Amino acid sequence: MFNVFFQVVNKELKGAFRSQSDILNPVWFFIIVVTLFPLGIGTDPALLARIAPGVIWVAALLAALLSFERLFKDDFIDGSLEQLMLMPHSLAWLVSAKVFAHWLLTGLPILFVSPLLAIFLAMDINTYSALFLTLLIGTPILSLLGAIGVALTVGLRKGGILLSLIMLPLSIPILIFSTLAIDAAAYGQSYLGLLALLGAMLVGAITLAPFAIAASLRVSVS
Amino acid sequence: MLHCEKLTCVREDRILFKDLDFTIKPGEIVQVEGPNGVGKTSLFRLIVGLSIPYAGNVNWQGTSILNDRENYYQNLLYLGHKTGIKPELTAFENLQFFQKLQPSHPGIDLWQVLAKVGLAGYEDVVTAQLSAGQQRRVALARLWLNDCLLWVLDEPFTAIDKSGVKVLEQLFIEHAQQGGIVLLTTHQDLSIDKQLLTKITLQKIEDDFYV
Amino acid sequence: MAFDSFADFFAMGGYGFYVWLSYGLTFLALGILIVNSITKKNKILKNVEQRLAREQRIKKAKDMEGTL
Amino acid sequence: MWKWLHPYAKPEKSYQLAGKLLPWFVVATVITFVVGLVWGLLFAPADYQQGDSFRIIYIHVPAAMMAMAAYSTMAIAAFIALVWQIRLAEMNIAAIAPVGAVFTFIALVTGAAWGKPMWGAWWVWDARLTSELILLFVYLGIIALYNAFSDKVLAGRAASILTLVGVINLPIIHYSVVWWNTLHQGATLMKFDKPSMAPEMLWPLIIMIIGFATFLGALSLLRFRNEILARESHRPWVSALVTEKLEGGK
């Protein structure tokens, strides 16, 4: 069973590394969006530090949206998605592997570039560690939620914008809890409770989302 | 073995076919024919469980396929219009993935299979660089690889030359003789013995708009 | 009765604009919803009507001889 | 119970049943609206704090409540649709969603119009209004998804899945918004909590809530009938219905 998981992840990573723009573009986009804010509203360090959590999380959401399209779309077009659905393994398990690979390719790079953004937005070390932790727990939830949206819209011709309309409202709690945690850290308060909440949401998403994704794919690919 | 029971297919409020009944036993090669747009592909997608019938049932060994997908898919190989081959991966990597995830003949050598489908020398080329016919061959190579009883092949001969078709026909016959089932559509005339080949003809529903 | 005169009633104790705006928009929205629901039904029936007419034309054309 | 339910699981029977129920709901809605509005607007006394602006409550609160009730109904229908594969339940979702969305819209607009004199701003990021706004987004997402599929069977299934995903998410959204709100602006808001509303104010409110509920029922039935007709348009009984109507008209 874990071999199957590993095989799917392996295939995804191999394919993605052959066409590297798929990995780099969302991160690139993420950095550019964050850079726009100081340019748009001024460079006062106090102001930047105040808005940093929101800016980074909204940018992360947008970057995630940009990358979702490739989660199932290419597979849908070339037929590998229907082949995946005909494998003698649980579809929920197979899509979990795909979502995990997607997170490795889009969520993880954002974590890697986050120190750079902390410097750009004048964050102190305590705030940054909160940012890092929320990104670490929050981006997998985004990937799982987004995958439901993609699975629902992958068969549609104009699925892209619909995906954002469906997915963004549902990701509001992640945005709220993450930015609250970072805010708390900035004021020197404990944010463990908020992290625990995010963690609970992650656990919930990991257990429930794969089934929703599988069911959605069965609708979209028919 | 494979039993379709009162299958009805409605696509966007249009009835493609209704109350379709047939049973396919091991050792049969079945060709589904009919004009374009009559629902051959839709029928195949119902049979493999990609779509859910408007009414009726597809049963495999007596149980509905929708109730026991994993068992059914142990026995099923489906090749559709889309090849299911990842263009960023090489022919070898593509096949390797399917070999690991699907029940396969034990100890089969991928290099040999690739040579058999005429891709010797292209094994480690990214499939995006191959021609349409060659990409098709990568997908068809799965026929030699897998250990499934039921093959459902939607237009397997697309972009395949005459000699290739001959080889495939031979393979179908062998598969049927070993107790397998081949279900296919094609616009070409098959040169398979009439005794081995069964035909199902789908007809356009004209007068009868109603379910 | 909470109001002495009609003018009083419309003024709503100085909040007339907000109260009547709320009620106006509410009934506008509900009205649009009702109209939309009813016209939708007529549209569907019209479609079926058209289709039935089409089928009849096809049937008639079949009985004709010497057509292409 | 299943034996009783079964005949109504047939679209034609459901269409007729919905048709029979519809007039009752319409009559009930008209009566409750007239009684509730006359009572609420004319006879209920003005609020000692908010004056006559509180009369917005008679549409704001019922709309908000029924917006939630509509979503709950959709969630139940979605569950039934997915577990027992009952198509009528899917049609129910498609029928109710626009009504729910309009109710949510009304709750938002009336909330804003009430907020302006009370808080001095058309929009404040109060927890209730914010959740209401997000609920509207979720409704619109479901409607958009349903309309995006040209095959209505698939559309219904997709909408059911999204509805269920939303039902798990909505409480989390609400909870997160409340928390976010208390941390961000907390006590600056005026609270509308009324533990003891005077009965002469409360009665019209209860009547209006019933009115909105029957309105929701009436519109849902109407739209439910539309969905059945649209999806079953290739069936003989629909054709018979149309020919009958045509001949009746002549």
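Quantities reported herein were computed from a predicted structural model and do not represent experimental measurements. Labels below follow one simple rule: chain letters A, B, ... track the order of the sequence lines, proteins then strands, and each chain is numbered from 1.
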* To do: Kindly indicate whether a cation-pi arrangement holds for A/Lys98 with A/Phe5, taking the cut-offs as under 6.0 Å to the six-membered ring centre and within 45° of the axis.
  =>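 Not flagged: A/Lys98 not positioned over aromatic ring of A/Phe5.
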Which atom of [X] lies closest to which atom of [Y], heavy atoms considered:
X	Y	result
A/Thr127	A/Asp124	OG1-OD1, 2.7 Å
D/Ala77	D/Asn92	CB-CB, 4.1 Å
A/Gly42	A/Leu48	O-CD2, 3.7 Å
D/Arg231	D/Gly156	NH2-CA, 4.0 Å

* To do: Tell me, with the steps shown, if D/Tyr15 and D/Trp237 meet ring-ring contact (aromatic ring centres under 6.0 Å, His included).
  => CA-CA 11 Å; D/Tyr15 180 84; D/Trp237 70 268; 5.3 Å; yes
* **Residues of residues 165-173 of chain A within contact distance of chain D, non-hydrogen under 4.5 Å** =>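 Checking residues 165-173 of chain A against chain D gives A/Ile166, A/Pro169, A/Leu170, A/Ile172, A/Pro173.
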* **Neighbourhood of chain D inside residues 204-212 of chain A, taking heavy atoms under 4.5 Å as contact** =>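 Answer by number: A/Leu208, A/Ala212.
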* Describe, in one word, how the ring planes of D/Phe212 and D/Phe215 are oriented to each other, choosing from parallel (under 30°), tilted (30 to 60°) and perpendicular (over 60°). =>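 Taking D/Phe215 first and then D/Phe212, their aromatic rings sit tilted (interplane angle of 30° to 60°).
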Highest number of heavy-atom pairs under 4.5 Å with chain A: which of [options]?
options	result
D/Ile142, D/Ile172, D/Leu145, D/Val165	D/Leu145
D/Gly141, D/Gly166, D/Ser160, D/Ala158	D/Ala158
D/Leu164, D/Val177, D/Ile161, D/Leu170	D/Ile161

For residues [X] and [Y], determine if any side-chain heavy atom of one lies less than 4.5 Å from a side-chain heavy atom of the other.
X	Y	answer
A/Leu121	A/Pro38	yes
A/Leu62	A/Val58	yes
A/Ile176	D/Trp179	no

* Asked: How about D/Thr29 and D/Thr214: does a side-chain donor come under 3.5 Å of a side-chain acceptor?
  ->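 Checked: D/Thr29/D/Thr214 side chains pair up, N/O donor to acceptor below 3.5 Å.
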* Is there a donor-acceptor contact under 3.5 Å linking the side chains of A/Ser114 and A/Tyr128? ->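 Present: a donor and an acceptor within the cut-off.
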Which atoms of [X] come close to chain D, meaning under 4.5 Å heavy atom to heavy atom: side chain ones, backbone ones, both, or neither?
X	answer
A/Leu145	side chain
A/Leu175	neither
A/Leu152	both

* Sort by residue number and list every member of residues 129-138 of chain D having a non-hydrogen atom under 4.5 Å from chain A. =>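 Only D/Ile134, D/Phe137, D/Val138 of residues 129-138 of chain D have a heavy atom under 4.5 Å from chain A.
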* Apply ring-ring contact (aromatic ring centres under 6.0 Å, His included) to the pair D/Tyr71 and D/Tyr139, showing each step before the final yes or no. => CA-CA 8 Å; D/Tyr71 199 93; D/Tyr139 266 126; 5.6 Å; yes
* Asked: Between A/Asp75 and A/Arg70, does at least one N-O distance fall below 4.0 Å, as a salt bridge requires?
  ->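 Judged by the 4.0 Å cut-off on N to carboxylate O distance, A/Asp75 and A/Arg70 do not form a salt bridge.
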* Asked: Passes ring-ring contact (aromatic ring centres under 6.0 Å, His included), D/Phe54 versus D/Tyr58? Steps please.
  -> CA-CA 8 Å; D/Phe54 99 100; D/Tyr58 296 121; 5.7 Å; yes
* A/Phe76: ring-ring contact (aromatic ring centres under 6.0 Å, His included) partners, not counting sequence neighbours ->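 With sequence neighbours excluded, A/Phe76 shows a ring-ring contact (aromatic ring centres under 6.0 Å, His included) to no residue whatsoever.
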